[in-house]
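First up is the structure itself, then whatever we jot down about it.
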Number of protein chains: 2
Amino acid sequence: MATVKDVAKLAGVGSGTVSRYISGTGSVSRKSAEKIARAIEQLNYRPNSMARSLSSRRSDLIGVWVPSLEGPYYHMMIRTIESALRLHGKHMILANAEDAQSNEDRLAHLDYLINRDCDGILISSSLQSEFELATYAEKFPNLVVINHHTDELAGRSFSIDHDLGGRLAARHLLELGHTRVATITGRLSAQDARQRHHAFLDEMAKLGHPVPPKRIIEGAFSYAGGEQAVAALLATDADYSAVFCGNDKVAMVLIAELHKRGISVPGDVSVIGYDDVEFTPFTAPALSTIHAPIEEMSQSACHQLLNLTYGLDLPYQEHFEPSLSVRQSTGP
Amino acid sequence: MATVKDVAKLAGVGSGTVSRYISGTGSVSRKSAEKIARAIEQLNYRPNSMARSLSSRRSDLIGVWVPSLEGPYYHMMIRTIESALRLHGKHMILANAEDAQSNEDRLAHLDYLINRDCDGILISSSLQSEFELATYAEKFPNLVVINHHTDELAGRSFSIDHDLGGRLAARHLLELGHTRVATITGRLSAQDARQRHHAFLDEMAKLGHPVPPKRIIEGAFSYAGGEQAVAALLATDADYSAVFCGNDKVAMVLIAELHKRGISVPGDVSVIGYDDVEFTPFTAPALSTIHAPIEEMSQSACHQLLNLTYGLDLPYQEHFEPSLSVRQSTGP
DNA sequence: TCCAAAAGTGGGATCGGTTCCATTTTTGAA
DNA sequence: TTCAAAAATGGAACCGATCCCACTTTTGGA
């Protein structure tokens, strides 16, 4: 493999000039540029990325930490992030903490990224206590958090107004005439699950139809957690005509189980989800849900991270609003 | 940040000894080891990954090229790969060629990986003509292909017997008594789609029930492609009691559309998918499908790539067999 | 006790870029 | 034409590891 020195020699210039030519910084005369271009072509030269990184103290690597890769939610995020980073010539390295058993493990996954000398880090976490985010954020200025809001991380945390989302769900069900509703939440230790859940309950109560505890099931945002929660809900003798699920995965599981039992959606029971992931138009019936702008949020987080890390000036937005997306799984 | 030299000085040993201690290769006396350990602790030393890479001429980076990140199929692959690589201390960088418009673009995505000096490359491609795989594979000994078989890439291509898969689908439908079946295929330029499709047709014909052209729709393995193909199928006056879909995404779209039209599955029409992705237990009704061992295949490909690249000796298997997974979407 | 083999060691050369700086060349206004 | 400012240049120092090699110390069988 050819090196800058080879190129410099062939082009009859100094190595500094070649470096300046390649990076586009500093000035190079037209004549030199041409000679260098020809030499690069001739030698089929390609800069060595490790040498470049070592010398410039920048890896062009962005670490992305996710708590799980099950289901479409995080996938949509990853897909958006990969695309945004690639557009700017950066590379993503991924740490999926799904297999972590303890908080220590989760930290180890973060170290897996940090040890790689990432220029910046994206964390998608709604578990605020998970690790001392604030402490990390202090040590690591190029760290940005997706789907979690803290005042301490102003300008570096990107979030969706899940309070509004929960209320939109409540209002939609009430407008359709459902006064007896049940709900399956995610783990309430997670900020996003908690927010939408509390807002949902609050709005129901505020509008005169509080949800009694027997119609509240705490589940988790996974297929397995969904199955358990759905089973738990269907095992109660609670009486309801609509169910608000904390995310679309759980809603999908619920619809499948209701179908299996011959209960019609939305004929007998209306179901509304949350997130509006890829598959929502394709459940049977198509899932009414709260649309969370996951992709826009992810892209904004990426942009701001690139701004902080590389001094760019890409547009971004910190807060996003969800909206109601009515399909066929909810009815009067 | 502390360097090996700092550690060496504090521990009162040479830099070579520190390096040997850290890498675990070469010999270090117990006494030195203890002093070094203490110094590392004290200085909070962490090796610089770029310097290490430059010097050792190994990046510990594995590039992964995928044609798309829509839907669960590639995500399951990515998830498996990330996990296998992390277990061995390697990092994955990803290139999603979904946004590529031309063959040239797709090659550019591959260059995005190669320019990063990946130690090895994983390509998931069923489009054999996409780029000159054989040429690349020759230049790049540490390149491995998932879900594509070529004799030229013996020991480096990992595949599923989609011929068997297609036949299993045909036999299942026939055993249930469906003699008039329709099928929606993926793009037939893709090896995997072609194989399963041709095998399906062949088996149907062989067993006395050839599928006439009017009941064959060429679609694509995406939600949008599925929607189009489903619309095309339902627009014909073809008469059938079962549909074989080339993948689960398309099957999901079909079930949703049939539901919308009040056509019962499997009462009026049976539907069988292919792949057995994450969501198949949770469609309504749960999707009968051909189980393709995507995760096992991905892991094997990873293992063999690690073997080739780092001289490991991990177990792997080149060929996998699909199996029939009967759920509720198919019936008599 | 002796001594060859094995284990352990220090430090310099090296990987292939970037960056700095002193120096030379070019530019263009007076 | 003159000359200060701006542009362009070459090459050495540096980034922080690994690896090699010549050398010293330890080991254990005779």
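Scope of the values below: all heavy atoms of this structure, side chains included, with no hydrogens, waters or symmetry mates. Treat the numbers as computed from the prediction; the structure is a model and nothing was measured. Just so it is clear: chains get the letters A, B, ... in the order the sequence lines come, proteins before strands, and each one is counted from 1.
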From Ile121(B) atom CD1 to Phe140(B) atom CZ, the distance as rounded to the nearest 0.5 Å:
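Separation between the atoms: 4.0 Å.
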
Look up atom OG in Ser300(A) and atom CG in Leu305(A), then write down how far apart they are to the nearest 0.5 Å.
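The distance works out to 12.0 Å.
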
Reading DNA chain C 5' to 3', which nucleotide is the first, and which the last, to come under 4.0 Å of any heavy atom in chain B?
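First-to-last contact on DNA chain C, by the 4.0 Å heavy-atom rule, is dA7(C) to dG16(C).
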
Taking the nucleotide of DNA chain D with the nearest heavy atom to each, does Ser27(A) or Gly16(A) sit closer to the 5' end?
Ser27(A)

With sugar-phosphate meaning primed atoms plus P, OP1 and OP2, does [X] contact a base, only sugar-phosphate, or nothing at under 4.0 Å between heavy atoms?
{"X": "Tyr21(B)", "result": "nothing"}
{"X": "Thr3(B)", "result": "sugar-phosphate"}
{"X": "Ser29(B)", "result": "sugar-phosphate"}
{"X": "Ser23(B)", "result": "nothing"}
{"X": "Ser53(B)", "result": "nothing"}
{"X": "Arg58(A)", "result": "nothing"}

Does anything in residues 82-119 of chain B form a ring pair (Phe, Tyr, Trp, His ring centres under 6.0 Å)? List the pairs, not counting sequence neighbours.
His91(A)-Tyr112(B), Tyr112(A)-His91(B)

As a test of reading the structure: which of dA7(D), dA17(D), dG10(D) is closest to the side chain of Val13(A), going by heavy atoms?
dG10(D)

Let's see if you can work this out: which of dC19(D), dA8(D), dA12(D) has an atom nearest to the side-chain heavy atoms of Ser56(B)?
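From the listed options, dC19(D) comes nearest.
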
Sequence neighbours excluded, every pair satisfying salt bridge (charged side-chain N to carboxylate O under 4.0 Å, His left out) that has a member inside residues 59-78 of chain B:
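Found Asp60(B)-Lys90(B), Glu70(B)-Lys249(B).
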
Using a cut-off of strictly less than 4.0 Å, decide whether Arg57(A) has a side-chain nitrogen or oxygen near OP1 or OP2 of dG16(D).
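Indeed, a polar side-chain atom of Arg57(A) lies that close.
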
Identify, between Thr25(A) and Met50(A), the residue whose nearest nucleotide on DNA chain C lies closer to the 5' end.
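Between the two, 5'-proximity favours Met50(A).
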
Contact nearer the 5' end of DNA chain C, comparing Leu54(A) with Val28(B)
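Mapping each residue to its closest nucleotide by heavy atoms, the 5'-most match is Val28(B).
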
Exercise: do Asp6(A) and Tyr45(A) side chains pair donor with acceptor under 3.5 Å
no

Under 3.5 Å, is there a donor-acceptor pair between the His149(B) and Asp151(B) side chains?
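On atom types as modelled, these side chains qualify, holding a pair under 3.5 Å.
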
Between Asp119(B) and Ile62(B) (side chain of the first, backbone of the second, donor and acceptor by atom type, cut-off under 3.5 Å), is there such a pair?
no

